[in-house]
K.L.:
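Okay, here's the structure, questions in a sec.
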Amino acid sequence: MAKTVSALGIKAPNASILADNVVKHLDDPAETVVFLLSPGAEEGMEAVAGKHGYTLEITSAENHTEARMTPAGNIMEEIDVSGDFCPGPVITVGTILATLPVGERLKVTSASADSIADIAAAVESSGSKVVKQGADGEKHYLIAEKAEKQEGTQAVVSRDRVLIAQSNGIGNAERAYATFLFAKAAQSMGKEVTIFLLMDGVSMARQGNAAVVKHPAFDRLDHLMDEVIRGGATVYACEMSAKFRGIGEADLVDGVRLAGAATYIQLLSDPANAVVNF
Amino acid sequence: METIYQVLALAVLASSMVTGFIIFRMLGMKLALHFGALMLALVATLAALATGIPALALAAAALQVLATVTAFTQVWATFKYSFQTSPGFAPHLAMVTMLPVLAAASVLL
C-alpha cells in the first residue's frame, strides 16, 4: 500500500521539510510514500529520499508534480506475457492488479507491441494508471500503477468519433461495403473514424481478400478500404478472430493492426464514440 | 447411355440455379466463372436429351464436372475466412456435388 500526502501549495524548501517529517514518522517503514507537490516544490526531495534510504521518482502531471519515495529493497512485481495471445495477457494482468494494494506497481513485458497496447487500454479502463510504456531492445513493456477506480462524473460529451464494429467479411459483400461506405461518409462529416474488424470481419484485413469483392455500382472493396485508411481512419483487426482464421500480422493489409479484446471494450465504453454495428 | 441420369443431372442443374442465385446475391460477380460453367452445362444437358447425340452427352458430362469444380474453387476462397455465412453456401455446394456422380453414371452406365 502506498501512502499519498498532498503538499500542494507548499513551496520549496518547506515541502521537503514536511516530507522529511512524514517519512521520519511513518508507521510502516516499508511503505511507499507519494507526495503531490506544486511544480518546482520537488527541490530538496532527493536529499530527503537519500537520507532515509528511499528511491525517488519524480513524475510531472498536468498541474502537479508527483514525488514517489519507495524504500530501497522494495522490488516491483514483473511479468512477461510473451507468446500468450488475446485475451490471455489482459486477464493475467487484470488478475495481478486486482491483488495489488493501491499505489503498487507492476511491470509487464511482451514481445508484441500490440499486446502491450491492449494491456494499456485494459489498465486504464480499470481505473489504474500506466506510468511508463516503451520498448527495451526486442521487448515492449509498460509499468502499471494500481489506483482506485474513480466514479465518473456526469458530463456532456461531444460524440465526434465514430466506431464501426464489423463482424461480417468477404462472405457478405453488402455488409463489407457498408463498413467503408459509412466510414467515408463519417470522414466527410469531419468525424474521427475507428473500424474494428472482428469475427468474419477480419477476412477483409487479409492482403488480397478485399480485392475480390466488387459490386457493379461501387469501386472495388480494397480501393475503398485504402481510401478510408489514407483518410486517417484507424483500423483494428481482432487478434483472436484472426488467429481462428490463420491470419497473422504479416498477412494484414498495410494500415491495419491487430488489437485485443481490451481495445475493443475500451472503444465501446468511450462515450465520445458513436457505435455502428454491422 | 442411360438418359435417366441426364434427366437427374438436368433437375440438379435447374435446382442449382436457385441456390446459386442466393450465393450470387451475397458474393457478387466473384462467381461469374462458375455461373458461366453452370449455364453451359444446363444448355448442353438439354441439347443432349433433346437430340440423343452421344458426343453432346459427353460434352454435357464434362461441363457438369466443370461446374462443380468451379463452384468449389470460387466459394472456397470466401469460405476459408468467413464462417458465419457458410450455411448460405452449403445448399449450393451440396447440390452441385451431385453433378460429377450423375455425369459419371450417365457416361459409364
Side-chain angles (χ1 to χ4, degrees), chain A residues 165-181 196-225 235-253 256 258 277-278, chain B residues 12-43 63-100:
Chain A
Q166 172 58 270
S167 60
N168 287 271
I170 53 169
N172 192 324
E174 189 180 15
R175 284 174 185 260
Y177 266 103
T179 320
F180 301 103
L181 291 173
F196 200 96
L197 304 171
L198 69 159
M199 296 183 191
D200 278 0
V202 298
S203 61
M204 291 191 281
R206 190 184 184 122
Q207 282 172 23
N209 275 358
V212 296
V213 184
K214 170 80 179 85
H215 186 281
F218 303 103
D219 196 3
R220 235 170 58 186
L221 188 70
D222 59 326
H223 294 164
L224 266 178
M225 197 171 170
V235 185
Y236 294 113
C238 171
E239 188 187 347
M240 198 167 65
S241 306
K243 211 169 178 71
F244 246 97
R245 288 157 181 82
I247 300 172
E249 201 162 5
D251 303 316
L252 297 179
V253 168
V256 180
L258 291 177
N277 268 298
F278 288 116
Chain B
V12 169
L13 283 163
S15 303
S16 298
M17 285 168 64
V18 180
T19 52
F21 183 72
I22 293 161
I23 294 194
F24 182 76
R25 293 297 296 161
M26 284 167 75
L27 295 181
M29 292 310 289
K30 209 173 143 188
L31 287 171
L33 188 69
H34 170 59
F35 180 73
L38 202 59
M39 285 297 108
L40 285 175
L42 183 80
V43 172
L63 284 166
Q64 285 161 14
V65 174
L66 189 68
T68 307
V69 171
T70 51
F72 273 89
T73 51
Q74 295 195 289
V75 173
W76 188 253
T78 298
F79 179 58
K80 208 169 159 187
Y81 308 109
S82 301
F83 310 154
Q84 291 168 68
T85 47
S86 55
F89 311 141
H92 187 71
L93 289 179
M95 190 65 78
V96 294
T97 306
M98 290 187 221
L99 286 171

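So you know, we letter chains A, B, ... as the sequences are listed, proteins then strands, and number each from 1. From a predicted model like this one, the values you see are computed outputs, not experimental measurements.
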K.L.:
So for atom CD, which belongs to A/Glu174, do other residues, nucleotides or ligands contribute more than 12 heavy atoms lying within a distance under 6.0 Å?
P.N.:
no
K.L.:
For A/Tyr177, does the OH atom sit with more than 12 other heavy atoms under 6.0 Å from it, leaving out its own atoms?
P.N.:
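Atom OH in A/Tyr177 is packed in, count exceeds 12.
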K.L.:
Can any side-chain N or O of B/Gln84 pair as donor or acceptor with the backbone N or O of A/Ser167 at less than 3.5 Å?
P.N.:
yes
K.L.:
To the nearest 0.5 angstrom, please state how far the CG atom of A/Asn168 sits from the CE atom of B/Met26.
P.N.:
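It is 8.5 Å, given to the nearest 0.5 Å.
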K.L.:
Are more than 12 heavy atoms, taken from residues, nucleotides or ligands other than A/Lys214, located less than 6.0 Å from that residue's NZ atom?
P.N.:
yes
K.L.:
Tell me, for A/Val212 versus chain B, whether the close heavy atoms (under 4.5 Å) come from the side chain, the backbone, both or neither.
P.N.:
both
K.L.:
How about A/Asn209 and B/Tyr81: do any of their side-chain heavy atoms sit closer than 4.5 Å?
P.N.:
yes
K.L.:
Establish, for the pair A/Arg245 and B/Phe83, whether the NZ or CZ atom is under 6.0 angstrom from the six-membered ring centre and no further than 45 degrees off its axis.
P.N.:
yes
K.L.:
Most heavy-atom pairs under 4.5 angstrom with chain B, which of A/Met204, A/Arg206, A/Arg175, A/His215?
P.N.:
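With the most close heavy-atom pairs to chain B, the winner is A/Arg206.
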K.L.:
With a cut-off of 6.0 Å (strictly less than), are more than 12 heavy atoms of other residues, nucleotides or ligands near CE of B/Met17?
P.N.:
no
K.L.:
When only pairs under 4.5 Å are counted, which of A/Ser241, A/Gly246, A/Ser203 shares the most heavy-atom pairs with chain B?
P.N.:
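Most heavy-atom pairs within the cutoff with chain B belong to A/Ser203.
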K.L.:
Surrounding CZ of B/Phe21 (heavy atoms of other residues, nucleotides or ligands, distance under 6.0 Å), is the total greater than 12?
P.N.:
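No, CZ of B/Phe21 has 12 or fewer neighbouring heavy atoms, counting only those of other groups under 6.0 Å.
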K.L.:
Determine the minimum heavy-atom distance between A/Asn172 and B/Thr85, stating which atoms define it.
P.N.:
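Taking A/Asn172 first and B/Thr85 second, the nearest heavy atoms are CB-CG2, 4.2 Å.
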K.L.:
Crowded around B/Phe89 CZ? As in, over 12 foreign heavy atoms under 6.0 Å?
P.N.:
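Check passes, neighbour count above 12.
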